[in-house]
Each structure stands twice: as structure tokens, then as C-alpha cells.
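Since the structure comes first, as C-alpha cells, the remarks are kept for the end.
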Amino acid sequence: MTQARVPALVQETPYRYQIEPTGRMRVPGVVFASPGLLPEVGGDQALQQVADVATLPGIVDASYAMPDVHWGYGFPIGGVAATDIAEGGVVSPGGVGFDISCGVRLYAADVDAADFAPRKEAVLDGLSRSTPRGMGKGAVWELSGAGQLAKVLASGARYAVEQGHGVQRDLDRCEDFGAVDDADPAALSERAVKRGLHQLGSLGSGNHFLEVQVVDAVRDQAAAEAYGLRAGQVCVMIHCGSRGLGHQICTDHVRAMEQAMAGFGITVPDRQLACVPVDSDPGRAYLRAMASAANYARANRQLLGQAARGVFERLTGAGLDLVYDISHNLAKVETHRVAGGAGAAGAPRRLCVHRKGATRALPPGHPDLPADLRDLPDVGQPVLIPGSMGTASYVLTGVPGGPAFASTCHGAGRTLSRHQAAKAVRGQELRQLLESRGIAVRGASWRGLAEEMPEAYKDIDAVVEAAEGAGLARAVARLVPVGVVKG
DNA sequence: ATGTGC
């Protein structure tokens, strides 16, 4: 990026701010935030990134930022951008992120907090042993070779369940019912394959975690019931992605697009926004590789969930029912009606919707909802919002008429860098503090723990309030952690 | 996020 320019924000409603188009911006920027969140809404760089994304060829409606927006690679984290495929709209790996299909899976345990309490330490010890984590290798499922990996990449969680690592309900309640169809495992680089072989069923590091949580408050009784959640219930939340495989795919395709971009006559204000038309060979190649990583990430969460299920069954006798599994780093080809623009006003258009640190939130009645939720009048897609370590997480539901292509926030969003956080607290102290609040901690490294201190993140309650206020989603339940297995 | 730099 060049000189730091600070885009001017104009408040439109209490939860919606606009960046008017200037320079090469094709559409406005729109930031959803409460007045309280806005001053620290990620700093000038994130807002400049919102404006930069608005220059991309084919972008429609607006370059959106969710209430948890912060600075990222090219696109902001907490960004949503849709491009019109028929109008030369582009796809950009930076609009998905390095951790392709990073996401969240939530299970409801058939046990309540009081009955679980005496078994908590033993269960956390069991989960600690059953959950490979931290940098590098170690995984639940050591694949036999590239042939078996190809099956994972093609069929995702469906293949894992076929192989005995789960039950049908796990697929019924997974985004895309466990897998997307357009993956092309043969097109991956040798390096991506090599990195994928030894990490299937592993958490990774950073803000990834497996938590045991308790439903602290139900805000929407009907939706909670439909999702299988009740107050006082124990849950298991898993937050992780596609590990080194997704990272390598992103690296490979950013490189390829940097080369190919000029041939399409595309220039961007920031190299990290490398992109090509969706309807082009390199565009299709990226989307097929991205789909492979999406399937890998679903299988990854499926295997970690199955391992946790085994621990719960053995030590508590309680079963784990999947509430939902949803990504917050993905681009998808979807049909939306967009007012104005190149197409006829309000006509359905095929768009490439980039969600980076943003969660899809389908409205009630949408055909892609799980079958048992599809016909309920006021219940949309379950939206899983992980808090930072030691803080609350949320389950939201998609609402009709969402303003950002059926998308909402994805989590708390960082305010302190990893380095700043590690300087502010020692991992040992932090563990003690969390334990004193009744949260059992099983870490991977002391430094990793310190980097994830709650104070390094925005207030998740405020983020969710802003998402609700902006009409992006509605709260269903608030969950609080009682034990965390940290990547 | 990430074999924590190309």
C-alpha cells in the first residue's frame, strides 16, 4: 500500500457507516459497526482495505465490512465482496484468506453443566490427548497416500463418514452437506499435497481451539429448540481450518494471479488484491483448488469432532449431536438480486461472494438449509461465532433481507498484535487466571496461550450487538467456556 | 492463518 489515506466515514444509521466512492472505487464501502466499536474498528488500514476492495472489476452493491473487521492480507478480515460473473467479475485469493474454509463446528452434548462438572477435568485430559495441535505434524488420521487424500479433497466430510468417522446427522447439519462438488484434487501442487498428507484431524495454532462450553443464555427459544440447544447444556465447539494445505493453495494461486492479471488488463491498488475473472482458466483453477481445501477443512473438523465424541462417550456416556458446521473464509458462486448496477434492477445475478472472516447467514426458508430447518418460518441458518479464548461464543440465526449477501461477522476480531499480547502477559499467568474463573486450560505452548489473551480481542458481546443492530443476523444463544484445548 | 522470510 502507498501513502496512508484515511477514508471518510458517513454515518447512515446507528450501525451502518458509508465510505463514499472516490478515485477508482466502483461502489461505496459499507461498515457495519456500533458507535462504540467504530473508533477501534481496525484502524485506518482496515478501512483503506475496504475502499481498495471497492475498486475490483465486477464488484456489485458495496464493499462490506462486518463489526469485527480488522486488517488482513489484501482484503480486511471481516470483509464481504460480491462480483458479477457475467460482467467480468473477479475472484481473489486474498478475499478468502490463507486459511481456506477456516470455520466452526458446534456439537450439543446430551448432558447439562451440573452433571458434567465432576467429570470435567478428566474429559479435558481426554480431549487434550485426542486433539493433535500446535505447529507442524500430528493428526487423527494418517492418510495412506495421495490417492486417499484425493478422496478427502473430492468428498470432504462425506468421505470421513463413509469411512466410519461419523454419522449421517453430521452431514445433514454441515454446510454443503459435507462437501462441495467442484473440487479438482489432481490440479493441486505437489507441495500442497505433501502438506495435506499429515495434518488431517489437527487443530493448528493461533486462535484455533476446541472448547467445552455451556449454554449461558437462550435469546431465541424457537431457534434454539430447532438447533437442539437448551440453557445449561454442555456443548463442544471446534474452530480450525485447512492447515498447511489451504495455505499452500493460497500461496500458489496468488503467485499465479500476480502473473496472469496483466493479461486480463486488470490493475489493483494493492498487490495483495491479485485477482482474475471468475470466468477464466486461472479463475476456475483457483475455485477448484479452493473447493478442495474447503472439503479438507470439513473433513478435518469432522475427524476432530469424532475424536471428541469418543472421549465424551467413554467418560460421560453423553452423545454429541452436530448443531452445524460453517466456514467463515470462503468464496461461493451464489444467486442474489442486486438493486441497480449493470444488470436490470433487482434481477437475479450469478455472483462470486467472497467472505473473509465473515459467516454465511442464510435466511429462513432458504433451499440450502438443512432439511429439518427448511420449513420453519422464523429460523434461518445456524451461524457460529467463536469468541476469543476465555470469553463467550454465540449462536446466531440468519434473518430475511440481510444487507450483505446473507453474511455476518465471524468472531471478536483482534485489536492487539500477537507480539503486543505476548509482551503484555505470560502464558502461565493467563492459564492461572482462566483456571480461577473456572475454565480448565490445556494449551499447546505458553507463548501461544499468551498471544490469545482475551484483552487482545474486541468485546464479542458488542460485536454481536452490532451485527444484530445492523440487521445481519439475530442472536439465538450465548455460550461460555468451561474448558479449552488450545492450538 | 502458516514448515512464523524469499
Side-chain angles (χ1 to χ4, degrees), chain A residues 42 46 49 68-79 92-105 132-139 188-210 238-256 258-259 271-272 274 289-290 292-294 296-298 300-301 304 326-331 354-359 386 388-389 409-423 427 443-452 456-457 486-487:
Chain A
Q49 289 186 317
D68 51 339
V69 67
H70 58 288
W71 176 83
Y73 178 89
F75 286 59
I77 297 163
S92 173
V96 171
F98 274 84
D99 193 0
I100 297 169
S101 202
C102 180
V104 183
R105 166 173 292 233
R133 59 194 189 277
M135 294 289 298
K137 292 181 183 178
L188 298 200
S189 70
E190 203 179 317
R191 283 180 127 183
V193 169
K194 195 178 165 199
R195 293 179 73 172
L197 280 174
H198 309 290
Q199 297 186 320
L200 189 63
S202 67
L203 214 46
S205 60
N207 64 355
H208 290 167
F209 64 70
L210 183 153
I238 298 170
H239 177 206
C240 65
S242 53
R243 307 287 280 107
L245 177 129
H247 192 279
Q248 190 63 47
I249 287 171
C250 183
T251 302
D252 292 343
H253 286 265
V254 164
R255 204 166 291 166
E258 279 174 349
Q259 304 295 318
R271 275 191 66 168
Q272 297 183 350
M290 185 205 71
S292 305
Y296 188 91
R298 273 69 168 279
N300 192 26
R301 290 190 286 272
L304 289 169
I326 182 76
S327 168
H328 47 236
N329 279 7
L330 211 54
H354 300 74
R355 296 187 183 89
K356 179 190 192 178
T359 315
S388 55
M389 181 179 59
C409 58
H410 88 302
R414 260 192 185 276
T415 54
L416 292 185
S417 71
R418 297 185 181 289
H419 185 69
Q420 285 172 310
K423 272 202 313 191
S445 77
W446 291 121
R447 181 176 170 105
L449 210 57
E451 288 174 348
E452 294 301 315
Y457 286 86
K486 199 74 193 72

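To find a chain, count down the sequence lines: A is the first, B the second, and so on, and within it residues start at 1. Bear in mind that the values here come from a model prediction, so they are computed numbers and not experimental data.
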Rounded to whole Å, please give me the gap between [atom1] in [X] and [atom2] in [N].
X: A:Asp252; N: B:dC6; atom1: CG; atom2: P; answer: 13 Å
X: A:Gln248; N: B:dG5; atom1: CD; atom2: P; answer: 16 Å
X: A:Gln420; N: B:dT4; atom1: CD; atom2: P; answer: 22 Å
X: A:Tyr296; N: B:dT2; atom1: OH; atom2: P; answer: 11 Å
X: A:His247; N: B:dC6; atom1: NE2; atom2: C1'; answer: 14 Å
X: A:Tyr73; N: B:dT4; atom1: OH; atom2: C1'; answer: 16 Å
X: A:Asp99; N: B:dT2; atom1: CG; atom2: P; answer: 6 Å
X: A:Arg255; N: B:dG5; atom1: CZ; atom2: P; answer: 15 Å

Neighbour count >12 (heavy atoms, 6.0 Å) for atom CD, A:Gln259: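 Counting neighbours around CD of A:Gln259, 12 or fewer heavy atoms of other residues, nucleotides or ligands fall under 6.0 Å, so no.
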
Give a yes/no answer on whether the side chain of A:Thr251 brings an N or O atom under 4.0 Å of OP1 or OP2 in B:dT2.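 No, no such contact exists.
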
With respect to the phosphate group of B:dT2, does any side-chain polar atom (N or O) of A:Arg243 fall under 4.0 Å of OP1 or OP2?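 The answer is yes; a side-chain N or O of A:Arg243 sits under 4.0 Å from OP1 or OP2.
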
Give a yes or no on whether the backbone of A:Ala421 and the side-chain of A:Glu451 come within a donor-acceptor separation of less than 3.5 Å.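 Flag not set: sc A:Glu451 to bb A:Ala421 has no pair under 3.5 Å.
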
Any side-chain to backbone donor/acceptor pair from A:Arg243 onto A:Gly136? Under 3.5 Å, distance only.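 Present.
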
Hey, do the aromatic rings of A:His239 and A:His328 have their centres closer than 6.0 Å?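 Judged by ring-centre distance (under 6.0 Å), A:His239 and A:His328 do meet the cut-off.
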
Rounded distance [0.5 Å steps], CD in A:Gln248 versus CG in A:Leu188: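 So the gap between those two atoms works out to 10.0 Å.
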
Assign [X] to base, sugar-phosphate, or nothing according to its heavy-atom contacts below 4.0 angstrom with the strands shown.
X: A:Gly206; result: sugar-phosphate
X: A:Gly246; result: nothing
X: A:Glu451; result: nothing
X: A:Arg191; result: base

